[in-house]
Visitor: 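Quick one: the structure is below, questions incoming.
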Amino acid sequence: MDIGSIPSPADAAAPPSAAAVPREATLGRHLAHRLAEVGAREVFTVPGDFNLTLLDELEAEQPSGGGVRLVGCCNELNAAYAADGYARARDGGVGACAVTFTVGGLSAINAVAGAFSENLPVICIVGGPNSNDYGSNRILHHTIGIPDFTQELRCFQNVTCYQAVVNNLEDAHEQIDTAISTALKESKPVYISISCNLPSIPHPTFSRHPVPFFLSPKLSNQMTLEAAVETAAAFLNKSVKPVLVGGPKMRVAKACEAFVELADACGYPVAAMPSAKGLVPEHHSRFIGTYWGAVSTPFCAEIVESADAYLFAGPIFNDYSSVGYSLLLKKEKAIIVQPDRVVIGNGPAFGCVLMKDFLHALGTRLKKNTAAYDNYSRIFVPQGEPLSSAPGEPLRVNVLFKHVQKMLSGNSAVIAETGDSWFNCQKLKLPEGCGYEFQMQYGSIGWSVGATLGYAQAAKDKRVISFIGDGSFQVTAQEVSTMLRWEQNNIIFLINNGGYTIEVEIHDGPYNIIKNWNYTGVVEAFHNGEGKCYTAKVRTEEELKKAIEASLGPNKDSLCFIEVIVHKDDTSKELLEWGSRVSAANSRPPNPQ
């Protein structure tokens, strides 16, 4: 009988028996096929006694046969960070990790929360208790010592959009499919717990290839869309010097192309919020840089904040992106376009309007207006390059990034760790096709090491260049060994300034000073003679140039780790300004009762 056909009398008379079910028709292999189908062809794993059989079944379906490849990680936190990075590189695709019950799941949950905040569809799969143990009043290991197996589930309910607990085979097919499809529809993480005794048991519901996913597309309400476009066009066409600003939710709305179409049509200057760097093409003829309040690209804030109308596509205004809530914007001048909603000034608001539909339609209604960009052109002064260092002079951070800029191409991807790298990497001019990722909403230090692993596994056509502070690296360093194991050729710049610089600027104290490591020695220990690895410790510009030449030349196929030693006070002026304003926001006294 074909899938979707009407059962024949013979089919009805002879339902499939357990004996007739193929050996490969198991829950684990079904899950492998589903993950591969949605683009998660590599699953980041840490084995534990509750997920071992599941890992066997996942691994049995190799990518060449429509299955997945397992990438073993050093710990569960890093595995979930890697799934985050993998999802980013797949441009709306899915990342997946598989860990063990509670001790694994609760280790991964911090990274899953980060993926939730960044709207990434990460599938966290947990090997759960034996199906016979549910309701038995037994106490299991890897729990907090009470006969209640829902502690992990209840934790994940706050950081995932769907939770499936699979402890019988009859509805396993439905639960898995619902979880994965929900992750895709919501662009948020999901949690799937699978009892440890179920993954390898054949069952009739898995005896045929699954019907391919078909997700009903989200559609705009056409009447509301027309009203929103008409109102917005009237609002913008009467303005004198309007601007466009791209925000991070353009990714989840799949509206980046529509945003560029609008920019091409209207003639307005185009800026990006810091968390949208990489989503707005910086080679666009009217791109004016990053709008980040007091720490914006030079001349960008002046143009945005002096505009009499601004359209923000997919913004997130939090304390970090608003520099301690200090943006000089007025609500009555703003059109805020979210993935499915448009708000114009102080009102009206239009629901059930998809961002990409709205931007596409708006571009056909706007009059060309280059007034704001003409103003920008009149005041713009090109940035000068930092002077070269004298022989033996200690390396400065701005000199480092002068040389990094020359490394970038369309075959690169930049990953910036939480901290001073946020501000220095914002100044990089991204060539067409160059990827860029950082975690601004959640800001979990150490994220970038696992994310680099995952991004590089997914984007094998790009060379990943990561910028990581010494404090952040100490949190998740061991995943560099996994990069070596999988023969990645990432370039990691470890910026060693002796502590948590970003926290020093928010609130200084002795707790921001860390123990210095021999960072190149740590990576050489991870290397241990296996795979290709190049390390360098640089203190001067001349040493930096030699290390970069070696990384791009004879070691282009190697993982390259360059420790850059800089003075602890060599921080960007943008970080100093941002830190003081965020500190002031954090230090506000309680409101009077």
Side-chain angles (χ1 to χ4, degrees), residues 219-250 252-273 276 279-280 284-293 296 300-317 321-322 325 327-377:
L219 300 173
S220 296
N221 180 302
Q222 289 302 310
M223 291 181 64
T224 311
L225 172 62
E226 175 60 29
V229 170
E230 182 180 344
T231 308
F235 184 92
L236 292 168
N237 284 334
K238 71 181 182 183
S239 62
V240 177
K241 43 184 183 176
V243 299
L244 297 179
V245 184
K249 289 188 179 179
M250 291 198 306
V252 68
K254 297 179 172 55
C256 295
E257 289 185 14
F259 183 80
V260 174
E261 285 178 17
L262 175 61
D264 290 339
C266 68
Y268 304 172
V270 179
M273 297 185 74
L279 300 180
V280 177
H284 193 278
S285 60
R286 288 186 299 280
F287 181 74
I288 63 171
T290 299
Y291 174 63
W292 199 356
S296 298
C300 180
E302 291 86 339
I303 296 301
V304 173
E305 294 178 348
S306 67
D308 56 346
Y310 14 77
L311 185 151
F312 280 83
I316 295 177
F317 295 110
S321 66
S322 68
Y325 310 112
L327 301 183
L328 300 178
L329 300 174
K330 294 184 177 179
K331 187 177 180 182
E332 62 268 21
K333 295 182 179 181
I335 296 177
I336 305 296
V337 187
Q338 294 296 4
D340 57 2
R341 187 174 181 81
V342 177
V343 180
I344 299 175
N346 289 316
F350 302 89
C352 299
V353 174
L354 298 185
M355 183 190 296
K356 60 182 177 181
D357 294 343
F358 174 79
L359 298 179
H360 177 74
L362 183 62
T364 66
R365 304 285 190 90
L366 294 182
K367 300 173 185 175
K368 196 100 170 181
N369 184 341
T370 62
Y373 187 75
D374 294 340
N375 288 346
Y376 172 77
S377 300

Visitor: Run the side-chain contact (heavy atoms from CB on, under 4.5 Å) check on I344 and F350 step by step: do they pass?
Guide: CA-CA 9 Å; I344 299 175; F350 302 89; 3.9 Å; yes
Visitor: Is any side-chain heavy atom of N237 closer than 4.5 Å to a side-chain heavy atom of L366?
Guide: yes
Visitor: S239 side chain to D308 main-chain N or O, any donor-acceptor pair under 3.5 Å?
Guide: no
Visitor: We want to know whether E305 and Y310 form a side-chain donor-acceptor pair, criterion being a heavy-atom distance below 3.5 angstrom.
Guide: no
Visitor: Apply side-chain contact (heavy atoms from CB on, under 4.5 Å) to residues I316 and M273 and explain how you reach the verdict.
Guide: CA-CA 9 Å; I316 295 177; M273 297 185 74; 5.7 Å; no
Visitor: Between the side chain of Y376 and the main-chain N/O of R286, is any donor-acceptor distance below 3.5 Å?
Guide: no
Visitor: Are any of the side-chain heavy atoms of P339 and M250 separated by less than 4.5 Å?
Guide: no
Visitor: Please enumerate all residues that pass salt bridge (charged side-chain N to carboxylate O under 4.0 Å, His left out) together with E226, with sequence neighbours excluded.
Guide: R365
Visitor: Counting C-beta onward and ignoring hydrogens, is there a side-chain heavy-atom pair between L359 and L311 closer than 4.5 Å?
Guide: yes
Visitor: Do the side chains of F259 and V337 get nearer than 4.5 Å, heavy atoms only?
Guide: no
Visitor: Output yes when a side-chain donor or acceptor of Q338 lies under 3.5 Å from a complementary backbone atom of P315, and no otherwise.
Guide: yes
Visitor: Counting C-beta onward and ignoring hydrogens, is there a side-chain heavy-atom pair between D357 and H360 closer than 4.5 Å?
Guide: no
Visitor: Could you walk me through whether I288 and Y373 satisfy the side-chain contact (heavy atoms from CB on, under 4.5 Å) test, starting with their C-alpha distance in whole Å, then the side-chain angles of each, then the deciding distance to 0.1 Å, before giving a yes or no?
Guide: CA-CA 8 Å; I288 63 171; Y373 187 75; 4.0 Å; yes
Visitor: Answer yes or no: is there a side-chain heavy-atom contact under 4.5 Å between Y291 and V243?
Guide: no
Visitor: Is there side-chain contact between F312 and F317, with heavy atoms separated by less than 4.5 Å?
Guide: yes
Visitor: So, N369 side chain and V240 main chain: donor-acceptor pair closer than 3.5 Å or not?
Guide: yes
Visitor: Quick one: are T231 and V342 in side-chain contact, heavy atoms under 4.5 Å?
Guide: no
